[in-house]
Amino acid sequence: MSFRSHFCGTLSQSDDGLKVSLAGWVDVRRDLGGVIFIELRDHTGKLQLVADPQINPQVYKVFETLKAEYCIKIQGIIKNRPAGTENPDLRTGAVEIYPESVEILNKSKTLPLPLKDFEDTDELFRLKYRFLDLRRDSMQKNIRFRHKITQAIRDYLVAKDFLEIETPILTKSTPEGARDYLVPSRMQKGKFFALPQSPQLFKQLLMISGFEKYFQVARCFRDEDLRADRQPEFTQIDIEMSFINIEDIISNTEGIFENIFKVIGKNVKLPFQRMDYDTAMNLYGKDAPDLRFDMKLIDFTDIMETSGFESFSKIVSKNGIVKGLCVPTKDWSRKEYDDLKNLVTTKEYGAKGLAWITYKENNEIASPIAKFFSEEELSKIKTRANAKEGDSIFFVADKKEIVHNALGRLRLHLGEKLNLIDKNKDEFVWIVNWPLFEKDHISGKLNVMHHPFTSPDMKDLHLLDTEPVKVRALAYDIVYNGVELGGGSIRTYREDIQKKVLQLLNIEDEEIENRFGFLLQALSLGAPPHGGIALGLDRLVMMLAKETSLRQVIAFPKVQSSSCPLTEAPSEVDSEQLEELALKISLPNPS
RNA sequence: GGACUGGUAGUUCAAUGGUUAGAGCAUCGCCCUGUCACGGCGAAAGUUGCGGGUUCGAGUCCCGUCCGGUCCGCCA
């Protein structure tokens, strides 16, 4: 006799009279004295059971002992509820069952935490009892939603003849810039595997092997500090293709998003817009601009250069810039201005100050700095910003990086504060034409902006020796509502160029050989032109589920200290295990 | 590594430095035949994260420490 013939959430009026057996959990018990209602829950939903002592005293007796989260099995006949007692809020609210039999499969002790979404619970506590927490409607919904999106991606790629291929988890450190998680080798004492930060080199090798279209739902590991949108292990939809150019990758990726949105019942407009990296930085102060609202950064550098306001003109003469935001500030209090100023001058924003000009009625101006400007300059500023009555322009003057960072953040802050962001919008943008390198502002050394296997734009090849900072990369990021969802590039497939890039990164020839010898050799053996992209699945699901933390879309996530409250990993290990691995623990002295 | 913030009953929260630290939910008991976040009456439930200090008196103030969260640094 099987446990169940049907599932709770799927039953409706059309099943009236149907004999069913069901199994699941007691979601809630409502004991009215003479009659007991129970909502039985399984993975499809909930169904009301009724016990009446006059109809079935045995069942009623068992129902009296049932408590929340008991695991039970029942048999009975689906009946339409008496007129007037239907519950329109419940999917199965038109029907109910008077069980003919009930069996307790397993009892449950009193729950350590509430499982109702309307009751807040400390997240640490939820994670400690994650197996219970996942019974919540909201968590069930999120995890199932995640599956649906993953499947939409798989379906699309498989239909396009992509091959799902697994790559090693025990591998060698690939240089993505993050710290590696290390695994000691027992067979070769003193040596370590690294967990992959991404399958980058393997997928390139698969292209060289001739598979031409690869994807993987790949777990990646990076030993860095966590954020609400960053976990130490996360999942990437990793994709690589041969004999393609940027357009192929972009249209393929757009196809994936089109399919995801179709599956979740939304529309998305293709193709996505594209924006140069420089444009994104200049207009939005970020490489991942939120295009759900306008408010662009306005450049006043040229006006300030010759103005009588020395604080600004001095900065411009030292290669700094002056930019601003034009903001509707009607009815703002003095405190709101000060709060903004305080915000911008925090360490995070890094600006030295915030100046403003406010345009009041009758062409009046309120501003701590207006007196330094001529009539002509003031009018130029107003025209440039297209400022209207009730607007203020907020200025930041400094080095380019600081101005962009401060105003980029301020823009997002104001977007929230002034409610300018339409949360129902889906704004995708490709950020293209990235620089291949950036100069480390402390050491002056070159760093790659993407990763070292990104191909330079062939048009800029001649600049590699002379002005490497000006070399553009064949790289692209996909940005959704101001969040980077993924990125990729066309790879370098010529050995000489790859070697050159590695040398420019100040890596010794010997180290190049040690770490990338196998790649360089592979490139020299008929490597096809290839490229790909990696999409952050966790982040994508988080965004589409309108959640603000990855922990809400990962079944068993880690907390900020990279530990798992449920299993209490990481933990100490037996001394025998350490000995076998020839490891000794030497903790730093607490000082 | 740093900034901010939180830690009080099983749980979510409350409590000007001043009686015996309170309330909702959950639990337990009694009552209740159409509830659906059922309702009513009652009970039990506390090392105020931990360790120091100030004070006549500390959940409250100070110092240290542990843990969670958000962010900066860090992170293709």
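In what follows, chains carry the letters A, B, and so on, assigned in the order in which the sequence lines appear, proteins first and then strands, with residues in each chain numbered from 1.
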Undergrad: Sugar-phosphate atoms are those with a prime plus P, OP1 and OP2; base atoms are the rest. Using that split, label each nucleotide of nucleotides 41-51 of chain B B, S or - for protein heavy atoms under 4.0 Å, 5' to 3'.
TA: -----------
Undergrad: Within less than 4.0 Å of OP1 or OP2 of B:C75, is there a side-chain N or O belonging to A:R539?
TA: no
Undergrad: Taking all non-hydrogen atoms of both residues into account, name the closest pair between A:M542 and A:A228 and its distance.
TA: SD-O, 4.5 Å
Undergrad: Between atom CG in A:D117 and atom P in B:U11, what is the gap in whole Å?
TA: 19 Å
Undergrad: On the 0 to 90° scale, with breaks at 30° and 60°, tag the A:F272-A:F428 ring pair as parallel, tilted or perpendicular.
TA: parallel
Undergrad: With a 4.0 Å cut-off on heavy atoms, is A:T121 in touch with a base, just the backbone sugar-phosphate, or nothing at all?
TA: sugar-phosphate
Undergrad: Quick one: the side chain of A:D122 and the base of B:G7, do they pair up donor-acceptor inside 3.5 Å?
TA: no
Undergrad: Looking for any heavy atom pair under 4.0 Å, which part of the strands does A:Q231 touch: base, sugar-phosphate only, or nothing?
TA: nothing
Undergrad: Looking only at side-chain N and O atoms, does A:T346 come under 4.0 Å of OP1 or OP2 in B:C72?
TA: no
Undergrad: Is any side-chain N or O of A:R81 closer than 4.0 Å to OP1 or OP2 of B:U35?
TA: no
Undergrad: Look through every strand shown and name the nucleotide pairing with B:C30 as Watson-Crick or G-U wobble, where both distances are under 3.5 Å.
TA: B:G40
Undergrad: Ignoring hydrogens and angles, does a donor from either the side chain of A:E96 or the base of B:G34 sit under 3.5 Å from an acceptor on the other?
TA: yes
Undergrad: Examine B:U35: is either OP1 or OP2 under 4.0 Å from a nitrogen or oxygen in the side chain of A:R30? Give yes or no.
TA: no
Undergrad: Do A:R409 and A:Y349 form a cation-pi contact, if we require the NZ or CZ to be under 6.0 Å from the six-membered ring centre and within 45 degrees of the ring's axis?
TA: yes
Undergrad: So, does A:T548 get its side chain near the phosphate of B:U70, meaning an N or O under 4.0 Å from OP1 or OP2?
TA: no
Undergrad: OP1 or OP2 of B:C28 less than 4.0 angstrom from a side-chain nitrogen or oxygen of A:K67, does that happen here?
TA: yes
Undergrad: Check the phosphate of B:G69 against A:R227, side-chain N and O only, distance under 4.0 Å to OP1 or OP2. Yes or no?
TA: no
